[in-house]
Amino acid sequence: KQEVTQIPAALSVPEGENLVLNCSFTDSAIYNLQWFRQDPGKGLTSLLLIQSSQREQTSGRLNASLDKSSGRSTLYIAASQPGDSATYLCAVGGSWGKLQFGAGTQVVVTP
Amino acid sequence: DTAVSQTPKYLVTQMGNDKSIKCEQNLGHDTMYWYKQDSKKFLKIMFSYNNKELIINETVPNRFSPKSPDKAHLNLHINSLELGDSAVYFCASSLRGAEQFFGPGTRLTVL
């Protein structure tokens, strides 16, 4: 049974620092891994999708890596801004597109 | 706007009632999903349809019945609502199990 863990559960950094968010999963037989952002009371915004054959994906200040063999993914956010404050969710994709989510990392970026 | 939309946004009802949530996507996707986010903010998949065919049916009480009249629509009907059904329900869609895009959510409160 796939289990997805996100550490830390919460993170507070001053503006300008780089953010490093970790996600680990127990079963390496995954199709893809997707990172989302959720603002309070809102839906999920897709940030990056990494296919199982890829090692990393980049979009602007965001970079996500995937190491399937060790069951880990890391989301890096460069030069954080107060607008980056949100909960970041990692989701591992299985067969038929079934996503299994971690509990999230709540990020606060202070001005 | 191209998006995944859900109605209603908020639903407050009494225990024992029956209610429905509707979802529509105009992204041209072939797969749609229902997820439940509980009070601890944990997201879990409930159902998925691919081209109107049910492909994921997690361990969910049979009071919950999804229906997909066509590829662009997925509805969720809940019978005999219970207090524990209170949650935020998210609809999502994807193309062939790839990147998933989420709707804004429906906050269900059962009194």
Side-chain angles (χ1 to χ4, degrees), chain A residues 1-10 23 25 27 29-54 57-59 62 64 66 73 75 85-107, chain B residues 1-7 9-10 21 23-25 27 29-51 53-60 71 74 87-109:
Chain A
K1 183 190 167 198
Q2 181 72 272
E3 289 183 10
V4 183
T5 304
Q6 289 187 248
I7 293 172
C23 172
F25 47 95
D27 185 350
I30 67 171
Y31 284 71
N32 54 45
L33 187 143
Q34 198 166 350
W35 282 94
F36 294 89
R37 162 190 178 133
Q38 186 173 28
D39 293 285
K42 304 281 187 184
L44 278 69
T45 301
S46 177
L47 298 173
L48 289 166
L49 172 76
I50 314 177
Q51 300 292 353
S52 62
S53 58
Q54 296 177 310
Q57 270 289 6
T58 298
S59 175
L62 276 59
L66 174 64
S73 176
L75 178 67
S85 298
T87 296
Y88 291 82
L89 295 160
C90 160
V92 171
S95 57
W96 297 111
K98 177 178 172 178
L99 286 181
Q100 289 189 247
F101 282 84
T105 295
Q106 189 172 3
V107 171
Chain B
D1 283 346
T2 54
V4 181
S5 59
Q6 294 179 229
T7 53
K9 190 168 171 61
Y10 299 97
I21 307 171
C23 178
E24 177 180 1
Q25 56 91 7
L27 297 165
H29 290 166
D30 58 2
T31 308
M32 296 184 74
Y33 312 81
W34 279 114
Y35 289 86
K36 178 180 180 181
Q37 188 170 43
D38 61 24
S39 56
K40 293 182 180 173
K41 308 292 185 191
F42 191 70
L43 265 158
K44 192 160 186 225
I45 191 165
M46 300 173 70
F47 303 104
S48 176
Y49 273 79
N50 174 263
N51 287 320
E53 182 184 345
L54 182 66
I55 56 171
I56 296 175
N57 186 357
E58 291 292 287
T59 308
V60 175
K71 282 197 305 183
L74 180 62
V88 181
Y89 292 85
F90 287 101
C91 175
S93 72
S94 71
L95 189 61
R96 298 185 202 99
E99 186 176 10
Q100 290 188 26
F101 294 87
F102 279 67
T106 295
R107 182 175 295 277
L108 171 65
T109 303

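Note on naming: letters A, B, ... go to the chains in the order of the sequence lines (proteins, then strands), and numbering restarts at 1 for each one. In what follows, every heavy atom counts, from backbone to side chain, and hydrogens, waters and symmetry copies are set aside.
- Interface residue E58(B): only side-chain heavy atoms are found under 4.5 Å from chain A.
- Donor-acceptor pairing under 3.5 Å is recorded for the side chains of T106(B) and Q6(B).
- In this structure, chain B has no heavy atom under 4.5 Å from any part of Y31(A).
- Each of L48(A), L44(A), L89(A), N32(A) has some count of heavy-atom pairs under 4.5 Å with chain B, and the biggest count is that of L44(A).
- The shortest heavy-atom contact between H29(B) and S94(B) is CB-O, 3.0 Å.
- Ranked by heavy-atom pairs under 4.5 Å with chain B, the first of S95(A), S46(A), G97(A), G41(A) is G97(A).
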For L33(A) and C90(A), what are the C-alpha separation, side-chain angles and deciding distance, and is it a side-chain contact (heavy atoms from CB on, under 4.5 Å)?
CA-CA 7 Å; L33(A) 187 143; C90(A) 160; 4.0 Å; yes
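- Heavy atoms of Q38(A) lying under 4.5 Å from chain B belong exclusively to its side chain.
- You'll find the side chain of Y33(B) stays beyond 4.5 Å of the side chain of N50(B), heavy atoms only.
- Of the atoms belonging to L43(B), heavy atoms from both backbone and side chain fall under 4.5 Å from chain A.
- Around CD of E99(B), the count of heavy atoms belonging to other residues, nucleotides or ligands within 6.0 Å exceeds 12.
- Contacts with chain A were tallied for G103(B), P104(B), A98(B); P104(B) has the most, counting heavy-atom pairs under 4.5 Å.
- With a 4.5 angstrom heavy-atom cutoff, K98(A) touches chain B via backbone and side-chain atoms both.
- Residues T109(B) and Y10(B) bring no donor and acceptor atom of their side chains to less than 3.5 Å of each other.
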